[in-house]
Amino acid sequence: MLITELKSRETIEALLTGKVFIINCHGCKEVHFPEKEAEALQKELTGRGIVTGIMTTDYICNPENMKLRLKKHMSEIAMADMVLVFSCGVGVQTVAEYLENKKVCAACDTYPLPGYQGVTPLEHKCDQCGECFLNITGGICPLTACSKSLVNGQCGGAKAGKCEVDPDMECGWERIYRRLKQVGRLDVLKCPVQIRNYATDKEV
Amino acid sequence: MKLSEKFSRGELVVTTEVGPPKGFHVEPMVEEAKEYLSNITAVNVTDNQSSVMRLGSLATCVALKNAGLNPIYQLTCRDRNRMALESDLLSAAMFGIENILCLTGDHTKLGDHPGAKPVFDLDSVSLLYTVGQLEKGVDLGGNELVGEPPKFCKGAVVSPCSDSIDAQLAKMERKVMAGAQYFQTQAVFEPDKFIAFMDKAKQFGVPVQLGVIIPKSVGMCRYLNANVAGVHVPDELIDELKADKEKTKAGITGVEITARLIKQCLPYCQGVHIMAQGWESKVPDILKLAGL
């Protein structure tokens with residue numbers, strides 16, 4: 001099991017820029033989704049006139065499925081300045097990769113629970129750290145894409161863009177830098193120093 | 001003496017580094033350092049360099065300090081969590097160590113304990129920030145320190161010839177924001193790349209020391225090219241070393257190349273960091289040839 005929990009109100013407000021398209025993933029049954037809280041927040045955002053559309057679906061971590069579902073919302077997405085995803089970390093990463101020129105943000109943090117972890121068909125991984133970093137990394141998880149799980153940028157170990165630990169693996173921070181540049185968000189690299197909080201895997 | 005004092009006076013800072021032995025008999029290393037490195041501003045002491053377990057960096061720093069040298073305590077985040085790092089920083093302050101260099105560290109898998117747990121609780125940026133917090137008298141847990149807080153000159157590294165130069169510059173900026181007061185670079189063999197890098201790095205207003213490795217042999221250069229991130233020895237330099245086949249000249253070419261690189265790059269930076277890698281005895285010759 002895993003649990004997704006809404007990020008704090010201030011955190012979500014700070015992410016908002018212009019018009020927003022919202023994706024809810026009610027996921028695999030192994031994920032607990034904060035349905036009521038998400039709905040209340042989305043109602044309020046809609047009331048402010050900044051929402052271009054809302055899509056609620058399941059298994060957005062399955063890219064074929066997600067692309068199919070997103071198809072009829074493409075005009076709403078085109079109108080939006082950003083996409084706010086309410087899902088576990090895998091879902092956000094899948095959407096961010098597909099909508100590679102869009103600002104894609106995570107509205108939730110993902111926490112682990114013992115038991116079956118659900119089905120994700122792809123290479124994207126969520127560490128269930130409980131303090132999702134995807135909003136400062138362009139939707140590429142630094143914990144799983146970087147061998148050292150660094151959260152403040154690239155180490156000096158990349159050679160020809162490959163990781164010092166595994167020459168078949170692309171440097172995660174090289175990918176993050178490229179993505180941030182692509183979506184015009186290099187300014188997030190000037191965010192405050194990030195320090196992991198290992199106390200977040202509390203009994204939620 | 002803190003390196004920052006020398007930098008702020010506009011003086012050239014020359015540093016080199018020593019690697020602690022795999023054992024606790026530090027005397028030969030200290031004797032060699034005393035003989036060849038006494039006139040140098042400061043000497044880095046590596047911290048389990050290349051993820052190979054050795055005598056501790058802090059203990060070696062104390063031994064060098066007692067021998068009259070000015071050590072730079074290197075700290076990596078590979079094998080200690082934030083509590084151990086903070087505690088070691090306080091220990092360093094107690095021993096009167098004034099200069100530190102904060103690094104993320106190589107991954108454990110690259111060294112001689114590949115099965116060890118890679119820690120990386122902090123990284124170079126958050127470690128610099130942590131030192132800044134201790135200097136304000138608070139630890140990372142938000143607890144107050146007792147008595148006068150420690151005060152260090154905080155350094156960091158950057159890789160100017162990296163093929164990910166934009167990502168490196170972004171990280172450098174984060175290090176400056178986190179409190180880095182000087183930088184030492186990865187080894188440079190391509191002055192053009194270094195000069196182009198300095199053109200962008202000078203905006204941060206923090207002194208940079210050119211990093212150089214003495215190219216000992218053709219084999220070493222090939223190894224660096226194949227294995228060491230951010231280091232590229234151009235073919236012309238390798239050919240130059242190849243031409244040096246007379247036994248009597250052994251090593252001289254490497255010394256000459258190093259001195260030349262220093263001369264070419266020095267107008268663009270604030271100091272030099274020589275990684276002698278066992279050739280500490282050649283450091284005085286390099287400095288003389290480079291006119292320092």
Side-chain angles (χ1 to χ4, degrees), chain A residues 127 129-131 133 136-138 140-201, chain B residues 50-51 76-78 81-82 103-110 114 118-130 132-133 140-141 156-179 185-187 211 224-232:
Chain A
D127 227 22
C129 65
E131 45 176 353
F133 289 92
I136 55 165
T137 58
I140 295 170
C141 175
L143 307 189
T144 56
C146 168
S147 298
K148 297 174 184 172
S149 295
L150 301 179
V151 291
N152 284 297
Q154 189 186 45
C155 76
K159 194 157 179 83
K162 303 292 183 191
C163 175
E164 68 177 23
V165 178
D166 177 2
D168 293 327
M169 178 177 162
E170 208 180 344
C171 166
W173 273 97
E174 178 98 21
R175 288 172 53 206
I176 290 168
Y177 187 88
R178 243 187 354 248
R179 173 75 59 78
L180 288 173
K181 193 171 181 187
Q182 188 175 10
V183 294
R185 296 191 65 210
L186 283 174
D187 56 305
V188 296
L189 291 177
K190 295 189 169 108
C191 68
V193 172
Q194 300 294 313
I195 297 180
R196 293 281 304 274
N197 178 10
Y198 286 94
T200 50
D201 56 348
Chain B
S50 309
S51 299
T76 65
C77 302
R78 172 208 318 117
N81 73 0
R82 65 192 79 177
L103 307 108
T104 297
D106 292 325
H107 199 280
T108 42
K109 279 189 188 152
L110 305 183
V119 179
F120 304 112
D121 179 23
L122 300 181
D123 55 47
S124 50
V125 174
S126 47
L127 178 57
L128 286 160
Y129 169 82
T130 302
Q133 290 300 105
L140 267 195
V157 296
V158 64
S159 199
C161 303
S162 161
D163 25 40
S164 316
I165 194 61
D166 291 332
Q168 281 292 308
L169 281 160
K171 179 83 173 256
M172 185 182 185
E173 186 170 12
R174 283 187 74 70
K175 291 179 181 182
V176 173
M177 284 162 49
T185 76
Q186 175 59 289
L224 290 172
N225 284 347
N227 298 298
V228 180
V231 179
H232 177 72

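All values derive from a computational prediction rather than experimental measurement. Lettering of chains follows the sequences in order, A, B, ..., and the numbering in each one begins at 1.
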Query raised in the report: Is there a donor-acceptor pair closer than 3.5 Å between any side-chain N or O of A:K148 and the backbone N or O of B:P118?
Result: no
Query raised in the report: Does the A:Q154 side chain pair with the main chain of B:K171, one donor and one acceptor, at a distance under 3.5 Å?
Result: no
Query - Largest heavy-atom contact set with chain B, pairs under 4.5 Å, which of A:E164, A:R196, A:Q194, A:K162 - result: A:E164
**Report entry** Interchain contact, A:C191 with chain B, by part (heavy-atom threshold 4.5 Å)
**Finding:** both
Query - Pairwise side-chain contact, B:E173 with A:L189, heavy-atom cut-off 4.5 Å (strictly under) - result: no
**Report entry** Region of B:D106 in contact with chain A, defined by heavy-atom distances below 4.5 Å
**Finding:** both
Query raised in the report: What part of B:L140 lies closer than 4.5 angstrom to a heavy atom of chain A: side chain, backbone, both or neither?
Result: side chain
Report task. With a 4.5 angstrom heavy-atom cut-off, could you sort out which part of B:V158 is near chain A: side chain, backbone, both or neither? Result -> neither
Report task. Keeping the roles fixed (side chain from A:K159, backbone from B:D163), state whether a donor-acceptor pair exists under 3.5 Å. Result -> no
Query raised in the report: Is chain B contacted by the side chain of A:P167, its backbone, both, or neither, given a heavy-atom distance below 4.5 Å?
Result: neither
Query - Donor-acceptor pair, side chain of B:K109 and main chain of A:V165, under 3.5 angstrom - result: no
Query - Straight-line distance of B:D123 CG to A:L150 CG, nearest 0.5 Å - result: 5.5 Å
Report task. First locate atom SG of A:C163, then atom NE2 of B:H107, and finally report the distance between them rounded to the nearest 0.5 Å. Result -> 7.5 Å
